[in-house]
Structures are given as C-alpha cells and as structure tokens.
**Student:** 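Dumping the structure here so I can ask a few things about it.
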Amino acid sequence: MKYERVKNFYNGEFVDSVSTGDLDVISPVDGNLLSTVPMSTADELNMAVASAKAAAVSWGEMPIKERVQVFFRYRNLLEQNSDELTALIAEENGKTWDEAKAEVDKSIELTEFACSMPQLVSNEVLEVSRGVECRVEHFPVGVVASIAPFNFPLMVPNWTMPNALVLGNTMIMKPSELVPLSVIRMAELLQEAGLPDGVFNIINGGKDVVEGLCAHPDIEAVSFVGSTRVAKLVYQQSTHNLKRCVALGGAKNHLFVLPDANPSMTATNVTASMSGCAGQRCMAASAMLAVGNVDPIIDQICAEARKIVPGKNLGAVISRAAKERIEGYITQAERDGAKILVDGRGAVVEGKEGGTYVGPTVIDYVTPDMSVATEEIFGPVISIMRTGTIDDALKIENANPYGNAAAVFTQSGGLARYVMEHASAGMIGVNIGVPVPREPFSFGGWNDSRFGASDITGKSSIPFWTKLKKTTTKWNPEAGINWMS
Ligand code: NAD
C-alpha cells in the first residue's frame with residue numbers, strides 16, 4: 001500500500017478512525033492499492049461536528065478582511081504545490097496529467113473568487129426616512145457540510161470550501177470514498193496557510209456518514225455534488241431536518257449540431273467534450289442531436305476520436321465496475337440496432353493491465369428510446385440521434401429529466417439564440433462543448449441536475465452560505481416620525 005490508511009481531520013489534527021471494515025482505495029491508472037479509507041463511526045462524526053462548532057464563533061466574528069488573508073496564502077500554496085497535487089489527482093482519479101493540472105488551476109481560480117468576497121458582500125445602508133437608517137449585513141450560517149463525488153477530488157471540494165469559509169462558516173467535508181487523498185493535502189495546505197483549528201474538518205465514510213450529516217442538529221446547511229439518485233436523498237433528508245440544502249445531481253448533456261456548423265471546430269469540441277476526463281464530467285457531451293445532414297461533421301468527429309489513445313491522451317475510468325457499466329451500455333446500444341462507429345470496448349493499456357480504460361466511442365443511429373439516449377453513461381461515449389428539425393431535437397432534449405448543460409454548434413446567431421432560449425438546461429454553450437461558467441458567474445443546472453434554490457459557486461452561492469441581518473437605527477430625537485418609525 002503506497003500511502004498510510006486515510007485519517008479523519010478535526011480540531012486541527014489527523015485522527016485514526018476506530019472503525020473496522022475499511023474500503024480499498026485503488027488507482028484506476030494501474031489497479032494498484034493506494035490506501036484504505038475508514039467508514040467512520042457516529043461518534044467520530046459527532047467529534048468532527050463538535051470541532052467545527054467550537055471554532056464557529058471566533059471564526060464567524062473575525063472581520064472578513066482578516067479571514068480572507070488565509071485564502072490569499074492558501075491560493076499561493078495551491079500554486080506552489082501544483083505538481084504534487086496534480087500527480088495525486090491523476091493517481092487517485094485516473095485523469096491525464098493535463099486534466100489533473102486543470103483541476104488545480106480551477107481550484108486556484110475558485111480561491112481567487114473567494115478572496116474577492118469582501119468586495120461582493122459589502123453591506124448596505126440607506127436612510128429610509130429622515131434620521132432613520134436601515135442596514136443589511138451578511139452573517140455566516142454556522143456549521144456547514146460539503147459532500148463530494150469522485151470525479152473531481154480537488155476541484156469540487158474547492159467549489160464549496162473557500163466561499164463558505166471566507167463567508168465565516170466552519171465546515172465538515174465528506175470526500176468520495178473512492179478518492180479521499182487530495183482533500184488530505186487540502187487540509188494540510190489550509191493549516192499551513194494559518195487556518196485556525198476546527199474551521200475545516202474531514203470525515204470519511206459512505207452512506208451512513210452522509211445520512212449522519214443530513215440529520216445532525218448542529219449542522220445548518222448541506223451542499224452535495226454527485227448522482228441524481230443520491231442528490232434527491234440528501235436534499236430530502238436535510239430539508240426534512242430543516243436545513244438549507246443545495247444538491248447537484250447527474251447529467252445527460254445534449255449537443256445540437258446544425259448543418260452550417262464549422263466542421264473542424266465542431267468536431268474537436270464535441271470529441272473533447274465527450275472524452276475529456278474519460279467522459280466523467282457532469283458537463284460532458286453525452287448525446288448529440290444531428291439536425292439535418294451533418295455527415296461530414298460526424299466523419300470528422302470519428303477521425304478526431306480515433307486520435308484519442310487510452311493511457312496517452314485519455315485517462316482511466318474510476319473502477320472496474322464503471323468500465324463494465326459503460327461497456328454494457330455500448331453493447332446494449334448495438335443490440336438495440338444502433339451503429340458503433342468508433343468502439344472503445346476492451347481497451348487495455350500495455351504495462352497497466354490492471355487499469356480500467358474505455359476508449360472513445362461514437363454511436364450513430366441512436367433512437368430516443370434507447371438507454372444510451374436517455375441515461376447518464378459517465379464514460380467517453382457519444383450517442384448520435386438524427387433529427388429533421390431543430391424543434392424535433394429540442395423535443396428530445398426537453399424530454400430528458402436532467403438539465404445540466406446543452407450546447408449548439410452553428411454559425412447562425414438566430415438559430416443559436418433559438419436553442420439558447422428553448423433548451424431546458426442551466427448552462428448553455430454556443431460553439432463550446434463544455435460550457436462551464438467561470439467565476440464570478442455561478443455553476444448549477446436545472447431539473448434533476450440540481451435541487452435547491454441557489455447555484456453552488458460564484459455570486460449565487462453567497463445567499464446560500466450567509467443569512468442577512470437587517471437593523472433599523474434612529475439616534476437623534478428630532479428624527480422624523482412617520483408611519484414607519
Ligand atoms: P455518488 O452519488 O455515487 O456519490 C457522491 C457522494 O455521495 C459520495 O461522497 C458518496 O459517498 C455519497 N453516497 C453514495 N451513495 C450514497 C447513499 N446511498 N446515501 C448517501 N450518500 C451516498 O456520485 P459519484 O459516483 O461519486 O459521482 C458521479 C456523479 O456525480 C455523476 O452522476 C455526475 O454527473 C455527478 N456530478 C455532478 C456534478 C454537477 O455539478 N451537477 C458535478 C460532479 C459530478
């Protein structure tokens with residue numbers, strides 16, 4: 001085993017869990033055992049929450065300009081430790097070096113945004129009648145939880161942690177049990193940056209720990225990123241327990257390709273979107289709606305896909321179970337009568353035979369009833385459905401229960417605008433295959449891709465991580481008396 005058993009982190013210390021029945025942490029790159037991760041006990045969860053609660057008052061009362069200093073240092077530490085973090089992400093998640101490095105770079109951008117919070121949450125004051133002032137101030141909500149998925153071991157924890165902490169909250173992080181290593185370095189770097197003990201805590205585990213977080217009386221807010229099935233459970237459990245919750249779920253992102261699209265730009269974008277991070281992005285292209293005759297573009301997509309080689313410019317999928325699930329979808333599509341134009345099944349990387357790879361896969365003549373058309377595959381697979389009109393394509397996209405992202409490829413502003421207006425998704429790309437909004441804009445889908453009122457990052461996260469205090473003040477006796485005061 002390359003690393004020691006994963007520890008929990010609370011009161012500023014790494015603590016060994018007393019639990020038994022650890023899960024193995026396996027590198028998808030080569031199948032080697034990296035570590036084991038404990039399924040922490042209810043007592044340990046209580047200790048982590050107590051640690052966050054004890055730190056909440058002094059951290060929450062610290063002026064925001066003081067809190068933010070820690071994050072200027074943390075941002076620089078991310079940069080200084082970029083290579084080490086990149087290697088760790090690649091090892092535990094299976095991404096290529098460049099993809100893992102992008103995750104570190106994005107974590108830096110997220111932290112930079114958090115560092116701008118003092119400018120964004122400057123409070124408001126207005127003289128509402130003669131001598132009478134109303135002021136509105138942002139207060140932290142208190143102890144908050146963040147539950148993360150496997151596909152971005154560092155970036156998703158940095159979607160929530162810097163904003164929540166700069167805004168004065170203390171946090172319990174629950175990483176995915178498949179990739180628990182990167183957040184350990186995150187905690188170490190925060191400590192090095194001078195974060196007071198107890199402000200950031202980590203509790204490892206699975207379903208039981210998540211349910212414990214959703215039920216804990218001292219936790220005020222729960223943020224979740226993962227599959228729709230679990231997002232619904234987390235949203236239901238935490239709101240049932242009267243907590244605020246934002247829960248981001250899965251996705252089935254549709255790309256509309258119109259006949260006037262620029263062929264090479266479209267082909268490279270579609271291929272990069274469906275295969276980047278081995279298709280394990282909630283923003284990945286999963287279905288392509290070919291409107292009219294776009295055969296030359298489909299030919300170019302296949303040519304681009306054939307340039308992608310597992311183990312070189314394509315990383316691994318997270319586990320053997322994921323590889324089997326993805327290959328199962330491709331086989332099912334073939335049985336259902338679709339045509340496999342590029343087939344990624346059975347990929348093996350020489351020297352890394354224990355790794356779990358699926359090659360890029362392009363499936364044509366998919367019909368809207370097939371499982372590859374409706375379900376999230378979460379692998380490097382694109383399902384092409386052919387339609388005669390944009391409205392037929394929109395009907396297919398609108399009927400899908402998810403709504404994370406959609407994109408349109410065309411050179412016509414009017415047609416792009418039509419798709420932008422009518423696609424039922426929270427994040428739209430025009431000639432962009434992975435339309436992730438960059439800070440200060442916020443990230444979040446629609447429909448079954450997000451539950452809760454706010455997005456998870458950017459400016460829209462501010463109301464989620466804060467509550468407003470409204471104070472009305474009158475000092476001078478000669479101040480106006482009217483119907484309000
Ligand atoms: P997952 O739902 O299996 O796990 C997410 C978290 O929930 C993990 O920490 C896990 O331990 C916990 N969990 C798992 N089963 C649980 C249960 N029954 N009860 C309570 N907690 C449980 O998701 P994953 O496989 O780690 O991640 C992939 C999924 O995440 C995909 O569906 C992907 O689309 C989605 N995702 C969405 C976004 C977004 O922004 N919408 C971003 C990243 C990933």
Side-chain angles (χ1 to χ4, degrees), residues 6 23 25 28 37-40 45 92-95 103 106 110 145-160 172-180 182-183 202-215 222-238 245-253 274 276-286 317-319 321-323 325-326 375-379 400-406 425-427 434-437 442-452 454-458 460-461:
V6 171
L23 298 182
V25 181
V37 62
M39 299 293 104
S40 304
L45 172 61
E92 69 171 335
N93 174 276
K95 288 181 194 205
E103 211 180 309
K106 184 66 202 175
L110 288 156
S146 177
I147 302 157
F150 79 79
N151 63 330
F152 285 96
L154 188 74
M155 184 194 78
V156 167
N158 278 296
W159 271 2
T160 55
I172 320 289
M173 176 68 64
K174 208 300 280 174
S176 164
E177 60 275 39
L178 299 174
V179 293
S182 298
V183 292
I202 303 171
I203 187 88
N204 289 284
K207 178 175 184 283
D208 290 349
V209 165
V210 170
E211 287 176 354
L213 290 167
C214 296
V222 174
S223 72
F224 172 88
V225 181
S227 63
T228 291
R229 182 182 66 82
V230 182
K232 281 182 181 168
L233 294 172
V234 166
Y235 189 77
Q236 281 162 345
Q237 288 168 19
S238 31
C245 180
V246 60
L248 271 59
K252 183 81 186 173
N253 304 316
M274 70 95 158
C277 299
Q280 299 175 123
R281 284 188 289 205
C282 63
M283 296 296 278
S286 182
V317 298
I318 190 68
S319 63
K323 177 176 161 72
R325 189 196 66 240
I326 297 161
E375 294 173 24
E376 178 175 44
I377 301 172
F378 225 50
N400 194 274
Y402 296 106
N404 216 39
M427 294 171 280
V434 186
V436 175
S442 62
F443 188 102
W446 284 6
N447 311 329
D448 279 2
S449 294
R450 193 202 69 193
F451 306 96
S454 76
D455 284 340
I456 202 159
T457 65
S460 303
S461 73

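For ligands, and for the atoms within them, numbers begin at 1 and follow the listed sequence. Below, each value reflects all heavy atoms present in this structure, side chains not excepted, and no hydrogens, waters or symmetry copies. Count residues from 1 along the sequence.
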**Student:** Backbone, side chain, both or neither: what part of I318 comes under 4.0 angstrom of ligand 1, heavy atoms only?
**Tutor:**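 For I318, there is no contact with ligand 1 at all, from either part.
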**Student:** I'd like to check the side chain to side chain donor-acceptor pair (under 3.5 Å) partners of S286; sequence neighbours left out, ordered by chain and number.
**Tutor:**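 Partners of S286 by the side chain to side chain donor-acceptor pair (under 3.5 Å) criterion, ordered by chain and then number, come out as K252.
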**Student:** For L248 and ligand 1, does the shortest N/O to N/O distance drop below 3.5 Å?
**Tutor:**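 So ligand 1 has no N or O lying under 3.5 Å from an N or O of L248.
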**Student:** Would you mind checking which non-hydrogen protein atom is closest to atom 17 (C) of ligand 1, with the distance to 0.1 Å?
**Tutor:**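 Looking at atom 17 (C) of ligand 1, the protein heavy atom closest to it is K207 CG, 3.8 Å.
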**Student:** Which of the numbered atoms in ligand 1 are under 4.0 angstrom from any heavy atom belonging to K174?
**Tutor:**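 Answer, ordered by atom number: 8 (C), 9 (O), 10 (C), 11 (O).
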**Student:** So which heavy atom in the protein is nearest atom 34 (O) of ligand 1, and how far is it from that ligand atom?
**Tutor:**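 Heavy-atom neighbour on the protein nearest atom 34 (O) of ligand 1: E376 OE2, 2.6 Å.
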**Student:** For the pair T457 (side chain) and F443 (backbone), establish whether a donor and an acceptor sit closer than 3.5 Å, ignoring hydrogens and angles.
**Tutor:**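 Indeed, once roles are kept as given, a pair shorter than 3.5 Å links the two residues.
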**Student:** Is G226 close to ligand 1, meaning an N/O of one under 3.5 Å from an N/O of the other?
**Tutor:**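 Such a contact does occur with ligand 1.
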**Student:** Given 3.5 Å as the limit, does a donor-acceptor pair link the side chain of T228 with the main chain of G250, or not?
**Tutor:**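 Flag set: sc T228 to bb G250 pair under 3.5 Å.
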**Student:** Suppose we measure from atom 14 (C) of ligand 1 to each protein heavy atom; which comes out shortest, and what is that distance?
**Tutor:**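 Nearest neighbour among protein heavy atoms for atom 14 (C) of ligand 1, to 0.1 Å: V230 CG2, 4.0 Å.
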**Student:** When you measure from the side chain of N253 to the backbone of C282, do you find a donor-acceptor pair of N or O atoms at a distance under 3.5 Å?
**Tutor:**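 Looks like yes, one N/O pair under 3.5 Å.
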**Student:** Going by the order shown, which atoms of ligand 1 are within less than 4.0 Å of some heavy atom of A148?
**Tutor:**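 Contacts of ligand 1 toward A148, numbered from 1: 5 (C), 6 (C), 8 (C), 9 (O).
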**Student:** Whether the side chain of E177 engages the backbone of G206 through a donor-acceptor N/O pair (distance < 3.5 Å, no angle test) should be reported.
**Tutor:**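 No: the side chain of E177 does not pair with the backbone of G206.
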**Student:** So which heavy atom in the protein is nearest atom 37 (C) of ligand 1, and how far is it from that ligand atom?
**Tutor:**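 Heavy-atom neighbour on the protein nearest atom 37 (C) of ligand 1: G249 O, 3.0 Å.
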**Student:** Checking the side chain of S176 only, and the main-chain atoms of A148 only, is there a donor and an acceptor separated by less than 3.5 Å?
**Tutor:**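 No, S176 side chain to A148 backbone: no donor-acceptor pair under 3.5 Å.
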**Student:** Would you mind running through ligand 1 and noting each atom that sits below 4.0 Å from a heavy atom of N151?
**Tutor:**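 It comes down to these atoms of ligand 1: 43 (C), 44 (C).
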**Student:** With I147, which of V225, I172, V222, V230 fulfils side chain to side chain contact (heavy atoms under 4.5 Å, CB included)?
**Tutor:**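 Only match with I147 under side chain to side chain contact (heavy atoms under 4.5 Å, CB included): V222.
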**Student:** Could you list which atoms of ligand 1 come closer than 4.0 Å to a heavy atom of F224?
**Tutor:**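 Answer for ligand 1: 2 (O), 5 (C), 6 (C), 7 (O).
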**Student:** Would you please determine whether E177 falls within less than 4.0 Å of ligand 1 on a heavy-atom basis?
**Tutor:**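 A heavy atom of E177 does come that close to ligand 1.
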**Student:** Is the shortest heavy-atom distance from the side chain of E211 to the side chain of L233 under 4.5 Å?
**Tutor:**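 Not in contact.
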**Student:** Name the closest protein heavy atom to atom 24 (P) of ligand 1, giving the residue it belongs to and the distance to 0.1 Å.
**Tutor:**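 Residue, atom and distance for the closest contact: F150 CD2, 3.6 Å.
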**Student:** Can you tell which of C282, A247, C214, S449 gets a heavy atom nearest to atom 38 (C) of ligand 1?
**Tutor:**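 The nearest heavy atom belongs to C282.
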**Student:** Could a heavy atom of V156 be found less than 4.0 Å from some atom of ligand 1?
**Tutor:**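 It does not, in that no heavy atom of V156 comes within the 4.0 Å cut-off of ligand 1.
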**Student:** Is K174 reaching over with its side chain to a backbone N or O of G205, donor-acceptor style, under 3.5 angstrom?
**Tutor:**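 Side chain of K174 to backbone of G205, a donor-acceptor pair under 3.5 Å: yes, one is there.
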**Student:** What about W159: any of its N or O atoms under 3.5 Å from an N or O on ligand 1?
**Tutor:**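 No: no nitrogen or oxygen of W159 is under 3.5 Å from one in ligand 1.
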**Student:** Quiz question for you: does at least one protein heavy atom lie closer than 4.0 Å to atom 4 (O) of ligand 1?
**Tutor:**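 Answer no: nothing from the protein, no heavy atom, is under 4.0 Å.
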**Student:** For ligand 1, note which part of I456 has a heavy atom under 4.0 Å away: side chain, backbone, both or neither.
**Tutor:**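 The answer is neither; I456 stays 4.0 Å or more away.
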**Student:** For ligand 1, does T228 get within less than 4.0 Å through its side chain, its backbone, both, or neither, judged by non-hydrogen atoms?
**Tutor:**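 No part of T228 comes within reach of ligand 1.
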**Student:** Which ligand 1 atoms are under 4.0 Å away from a heavy-atom of G250?
**Tutor:**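 In order of number, 32 (O), 34 (O).
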**Student:** Report the residues that fulfil side chain to side chain contact (heavy atoms under 4.5 Å, CB included) with D455, sequence neighbours left out, ordered by chain and then residue number.
**Tutor:**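 Once residues adjacent in sequence are excluded, the partners of D455 under the side chain to side chain contact (heavy atoms under 4.5 Å, CB included) criterion are S442, R450, S460.
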**Student:** In terms of residue, atom name and distance, what is the protein heavy atom nearest to atom 27 (O) of ligand 1?
**Tutor:**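 I find the closest protein heavy atom is P149 CB, 3.3 Å.
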**Student:** For ligand 1, is F152 a contact, meaning one of its heavy atoms is under 4.0 Å away?
**Tutor:**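 In this structure, F152 fails to qualify as a contact of ligand 1 - no heavy atom is under 4.0 Å.
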**Student:** So which protein heavy atom does atom 23 (O) of ligand 1 come closest to, and at what separation?
**Tutor:**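 For atom 23 (O) of ligand 1, the nearest protein heavy atom is S227 N, 3.4 Å.
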**Student:** Please list the nearest protein heavy atom to atom 28 (C) of ligand 1 with its residue and the distance rounded to 0.1 Å.
**Tutor:**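 Result: F378 CE2, 3.6 Å.
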**Student:** Donor-acceptor check, side chain of N93 to backbone of I318, threshold 3.5 angstrom: yes or no?
**Tutor:**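 No.
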**Student:** For L154 and K106, what are the C-alpha separation, side-chain angles and deciding distance, and is it a side-chain contact (heavy atoms from CB on, under 4.5 Å)?
**Tutor:** CA-CA 9 Å; L154 188 74; K106 184 66 202 175; over 6 Å; no
**Student:** Output yes when a side-chain donor or acceptor of N151 lies under 3.5 Å from a complementary backbone atom of Q280, and no otherwise.
**Tutor:**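 Answer holds: yes.
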**Student:** Is it true that E92 and K95 have a side-chain N and a carboxylate O under 4.0 angstrom from each other?
**Tutor:**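 Answer for the salt bridge query: no.
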